[in-house]
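For the numbers below, each heavy atom of this structure counts, side chains included, while hydrogens, waters and symmetry mates do not.
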Amino acid sequence: MVFRDGSYIDDVYYTGGRDITIKTYYGRDDEPDWRRVPVAEMPKEWLLEVKAAVDGALRVG
């Protein structure tokens, strides 16, 4: 997913609660930026894609 500022999400960690930790990059050679954001700030479409991926992974195992 690409944000309005041009950064994109590379990795996501969720350990419960109302926040997620995301690793973002601003360019190909940029150092990653780790930050916590409220789940409510993420677009619904993106959250549905993440949920579908997790549900699929749980069915395989």
Would you give the length of the straight line joining atom OG1 of T24 to atom CG of D33, rounded to the nearest 0.5 angstrom?
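Between atom OG1 of T24 and atom CG of D33 there are 4.0 Å.
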
Cluster link V39 to I9, ILVMFWY, side chain under 4.5 Å
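Same hydrophobic cluster.
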
Test question: given the 4.5 Å side-chain rule for I, L, V, M, F, W and Y, name all other residues clustered with Y13, or answer none.
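Via sub-4.5 Å side-chain contacts, Y13 links to W34.
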
Are T21 and V12 close enough that some pair of their side-chain heavy atoms sits under 4.5 Å apart?
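A side-chain contact under 4.5 Å is absent here.
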
Enumerate the side chain to side chain donor-acceptor pair (under 3.5 Å) contacts for residues 43-57, please, sequence neighbours excluded, ordered by first and then second residue.
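Of all non-adjacent pairs touching residues 43-57, those that pass side chain to side chain donor-acceptor pair (under 3.5 Å) are K51-D55.
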
For Y25, give me all partners under ring-ring contact (aromatic ring centres under 6.0 Å, His included), at least two apart in sequence or on another chain.
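ring-ring contact (aromatic ring centres under 6.0 Å, His included) list for Y25, sorted by chain: Y8.
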
If the condition is side-chain hydrogen bond (donor to acceptor under 3.5 Å, both in side chains), which residues does S7 pass it with, not counting sequence neighbours?
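S7: side-chain hydrogen bond (donor to acceptor under 3.5 Å, both in side chains) contacts with D5.
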
Do any pairs count as a salt bridge (charged side-chain N to carboxylate O under 4.0 Å, His left out) and have a residue in residues 7-21, sequence neighbours left out, and if so which ones?
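Non-adjacent pairs meeting salt bridge (charged side-chain N to carboxylate O under 4.0 Å, His left out): D10-K23, D19-R36.
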
